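Have a look at the structure below before the remarks.
Both backbone and side-chain heavy atoms feed into the values below; hydrogens, waters and symmetry mates do not. Computed from a predicted structure; not experimentally measured.
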Amino acid sequence: MDNDLSVDLQDQVQRAASAGYALAICGGGSQPQPGNPVQGETVNLTGHTGVIDYAPEELIITVRSGTPLTAISALLAQHGQMLAFEPPIFSAASTIGGAIACNRSGAARPWAGAARDSVLGCQILDGCGQRLNFGGQVMKNVAGYDVSRLMCGAHGTLGILLSVSLKVLPIPPESVTLARTCGADEAINTMNQLCGKPLPLTGAAWLDNQLHLRLGGSPESVRQAMHQLSEYDRGPDIWSAISNLQHPFFDRQAPLWRLAVTPTSGLPPVPGDWLIDWAGGQRWLSSPADANTIRQIASEAGGHAQRWHAGDGPVFQPLPAGLLALHRRLKHVFDPLGILNPGRLYAEL
Amino acid sequence: MNPASFLAELRELLPADAIVSRQSTLPAWECDGLSAMKRVPLAVVLPTAESEVQAVLRLCLRHGIPVVPRGAGTGLSGGALPHEQGIVLSLARMKSILELNPLLRTARVQPGVRNLSVSQAARPWGLYYAPDPSSQIACTIGGNVAENSGGVHCLKYGLTVHNIQSLRLVCMDGEILTLGGTSPDSAGYDLTALLTGSEGLLGIVTEVTLRLLPLPEHTRLVMAAFNSTHQAADAVSRIIAAGIIPAGLEMMDNPAIRAAEDFVHAGYPVDASAILLCEVDGAMAEVEARTSQIDSLLRDSGASHIRHAETEEQRNLLWKGRKSAFPAVGRLAPDYYCMDGSIPRRKLAEVLDGIEQLSRQYGLAVANVFHAGDGNLHPLILYDANQPGELERAESFGADILALSVAVGGSITGEHGVGLEKIDQMCLQYQADEMACFHAIKRAFDPAGLLNPGKAIPELHRCAELSAMHVHQGQVPFPGLERF
Ligand SMILES: Cc1cc2nc3c(=O)[nH]c(=O)nc-3n(C[C@H](O)[C@H](O)[C@H](O)COP(=O)(O)OP(=O)(O)OC[C@H]3O[C@@H](n4cnc5c(N)ncnc54)[C@H](O)[C@@H]3O)c2cc1C
């Protein structure tokens with residue numbers, strides 16, 4: 001479990017940099033949608049594992065990027081703690097590096113923050129094979145630009161994560177799911193209304209004409225909230241099935257899209273089925289509609305769409321020209337030769 | 001660069017009252033909250049609209065004029081310290097709350113809006129803006145974003161970076177970018193995070209969409225007194241180890257307690273070596289249960305005295321003492337120098353001992369105020385700038401505290417930023433390769449290097465010179481400590 005491959009990985013990047021060939025960075029390979037395909041020599045991070053430092057009373061853990069999420073969760077749970085962003089665990093092979101690089105977060109995203117919100121520091125290999133350290137192993141650190149959070153969601157195009165330091169939180173002692181029948185528009189409105197109230201919400205999702213709420217916290221706070229939400233029944237614990245995309249909703253044949261939108265936006269008229277998560281902010285759409293239609297829907301709703309499975313064409317929503325130019329300049333900062341996951345995010349990066 | 005023709009063109013762009021260039025008036029902008037550093041700028045420009053910001057930046061780029069952005073000037077690291085050949089670009093007049101969306105729980109504001117006024121505006125909807133720097137009556141949202149400011153409630157509710165959704169940025173060449181959005185994430189890189197804490201070096205923030213939170217139903221503040229700072233530090237660890245994340249967990253040592261008591265008469269125990277202020281919020285039953293749990297943890301750690309704020313007034317008064325600790329301590333001596341080290345919480349007692357030792361060594365008193373819950377220290381060094389050599393001694397003392405913070409695995413700044421003040425200490429925390437990366441990021445946004453030049457990221461040769469100096473003296477600070 002404790003296996004430091006930093007030196008080998010650094011060698012591999014330096015060889016690629018001097019010969020000028022591309023690298024395809026690979027964690028557990030469990031991400032259902034890692035991004036656009038990459039042609040290159042595989043950099044396999046699954047052997048680069050282990051906990052570098054964990055002091056439960058500091059609420060901080062530092063791990064190598066290839067460490068399986070299941071192992072991290074198990075260790076934290078022994079101390080009554082968890083990763084606040086509840087990363088989806090797509091399979092036993094899922095690694096922390098993959099969760100951070102793709103900025104994957106679970107049901108509590110609107111309240112506990114995204115993966116990027118838990119990141120405190122990281123060590124990376126840049127595209128020249130230099131080992132760089134950013135952030136730190138403390139709760140607060142504003143020295144230098146926040147490169148650690150920049151790595152979240154960069155899909156490995158700015159650096160290979162070697163290790164990350166993450167803020168952890170206590171596991172809520174009690175967790176309860178409530179549900180009631182209601183339509184999508186009412187659900188969107190209700191979820192947003194409830195978010196404006198001081199309730200211990202840790203999940204709010206809608207599917208199959210059911211609004212599901214998860215409450216998490218101390219027994220006292222959960223009990224009081226249940227009292228306030230007395231029109232709801234107890235519901236099934238659907239949360240990890242939704243986050244891990246194992247719910248039957250995801251078995252549909254039509255192409256699957258992930259839309260991140262303004263949580264209050266209404267459901268647009270488009271053929272297909274919706275699953276609404278994150279109190280309205282993350283929506284899954286299984287639809288035969290063409291990519292342009294879906295991208296337009298997403299941008300009109302204040303967000304963006306990712307093609308998830310089936311269908312074809314680019315995975316990510318195109319960027320406006322000015323932003324894309326800035327992305328290219330930043331890519332050049334970290335990977336001047338363009339060898340780290342080229343094309344993964346955008347063809348130009 | 002021709003200042004006269006630059007000023008002439010500037011006057012054509014903006015109304016007369018938006019430009020200050022009279023030598024007699026300029027000193028009002030000569031420093032920020034770090035008053036030991038002063039410089040008079042070429043001019044101060046006070047735009048009222050984004051289009052004016054854009055036009056000013058383009059003009060500055062054409063003339064090669066440096067631009068120092070400024071909010072309220074409460075920064076404590078010289079971030080808004082003027083450049084003698086440059087302008088101060090004050091965002092103070094762009095102070096409208098553009099939109100407050102209660103259902104979406106966001107406030108879209110201009111950068112010059114004061115931090116506290118956002119929570120005041122949101123209150124009728126049962127919402128507030130969580131990051132609450134002690135300077136919140138004065139400091140601006142633009143300054144908060146540029147520094148990634150924290151507050152006494154950020155242990156539970158996060159720093160500025162966790163509470164903003166999107167930014168509008170005017171780049172040095174006048175290009176306007178929207179970063180982030182009201183969706184939970186955006187396509188491409190997380191540039192909102194990169195911009196937060198970038199100290200005005202990458203672009204001018206002209207609009208910010210803030211995330212608002214529901215006001216907690218109930219709040220209770222517990223104050224505990226201790227006969228030693230070690231016991232207080234131990235209590236902090238016990239509370240966290242018990243799985244409690246208080247809304248706030250603050251500590252003051254005896255000199256800070258006395259100063260704050262003199263200032264606000266909150267009823268702090270002036271004989272205590274340290275006090276903790278621990279706030280719990282939530283539903284009534286939750287608050288009851290947590291406070292009784294915290295009471296017993298505090299007692300187990302040896303608290304000599306525990307008091308609950310019985311009324312909202314008492315609670316506000318106890319917080320007021322903590323939030324005005326800087327000016328309060330400021331009355332103990334002609335001058336004070338506020339430090340901002342951030343350390344792993346378990347090193348608290350060790351670092352406090354180190355600071356005490358340094359205090360004796362330098363012959364300068366120190367009062368300590370901390371965001372104890374997240375290991376962010378604010379030692380306040382007392383000195384008298386009129387005594388020859390005292391300012392320099394205070395600065396060396398401060399530099400040693402920061403070196404100690406880095407040596408125990410922490411950071412030279414938890415929330416006040418590097419600015420000009422801690423530029424040398426950056427060399428302790430980062431290696432040349434990382435520093436080169438920071439410079440390259442800066443060039444990706446501002447190739448001409450005109451935005452807040454000389455701040456936040458030291459030139460590489462500066463670090464080389466400093467490290468040669470240390471080697472020359474044959475010793476590094478705190479040789480007994482493990483290096484990180
Ligand atoms: C008594 C006191 C208590 C304090 N308590 C705290 C505390 O609890 N927590 C904390 O974090 N800080 C605290 N501070 C520090 C300070 O208040 C914060 O750093 C604050 O965010 C600065 O805001 P400002 O508007 O005064 O910014 P300024 O001081 O004017 O500027 C700060 C930096 O931001 C840049 N800047 C300002 N506006 C913009 C913009 N629109 N676009 C780009 N760059 C910009 C400036 O160039 C400068 O680098 C305290 C200061 C004082 C004096």
Using heavy-atom distances under 4.5 Å, tell me whether Phe316(A) contacts chain B through its side chain, its backbone, both, or neither.
neither

Need one label for Gln130(A): side chain, backbone, both or neither, based on atoms under 4.5 Å from any heavy atom in chain B.
side chain

Checking heavy atoms, do the side chain of Gln224(A), its backbone, both or neither come under 4.5 Å from chain B?
side chain

Counting only non-hydrogen atoms closer than 4.5 Å, does Ala114(A) touch chain B with its backbone (N, CA, C, O), its side chain (CB onward), both, or neither?
neither

The interface call for Leu195(B) against chain A, heavy-atom contacts under 4.5 Å, is neither

Gln425(B) portion near chain A, given a 4.5 angstrom heavy-atom threshold
neither

Taking side chain as everything from C-beta outward and backbone as N, CA, C, O, which of these in Ala225(A) sits under 4.5 Å from a heavy atom of chain B? Side chain, backbone, both or neither.
neither

With only heavy atoms counted, which part of Leu132(A) is less than 4.5 Å from chain B, the side chain, the backbone, both or neither?
both

Would you mind checking which part of Pro219(A) comes under 4.5 Å of any heavy atom in chain B, side chain (CB onward), backbone (N, CA, C, O), both or neither?
neither

Side chain from CB out, backbone as N, CA, C, O: work out which of these in Leu324(A) comes under 4.5 Å of a heavy atom of chain B, or both, or neither.
neither

Do we see a donor-acceptor contact under 3.5 Å between the side chains of Asp340(B) and Asn376(B)?
yes

Region of Ile171(A) in contact with chain B, defined by heavy-atom distances below 4.5 Å:
neither

For Gln296(A), does the CD atom sit with more than 12 other heavy atoms under 6.0 Å from it, leaving out its own atoms?
no

Would you sort out whether Ile188(A) and Ile276(A) count as a side-chain contact (heavy atoms from CB on, under 4.5 Å), showing the intermediate values?
CA-CA 8 Å; Ile188(A) 290 171; Ile276(A) 304 173; 3.9 Å; yes

Measure distances from Asn189(A) to the heavy atoms of chain B and classify the residue's part below 4.5 Å as side chain, backbone, both or neither.
both

Quick one: what part of Pro198(A) sits under 4.5 Å from any heavy atom of chain B, side chain, backbone, both or neither?
both

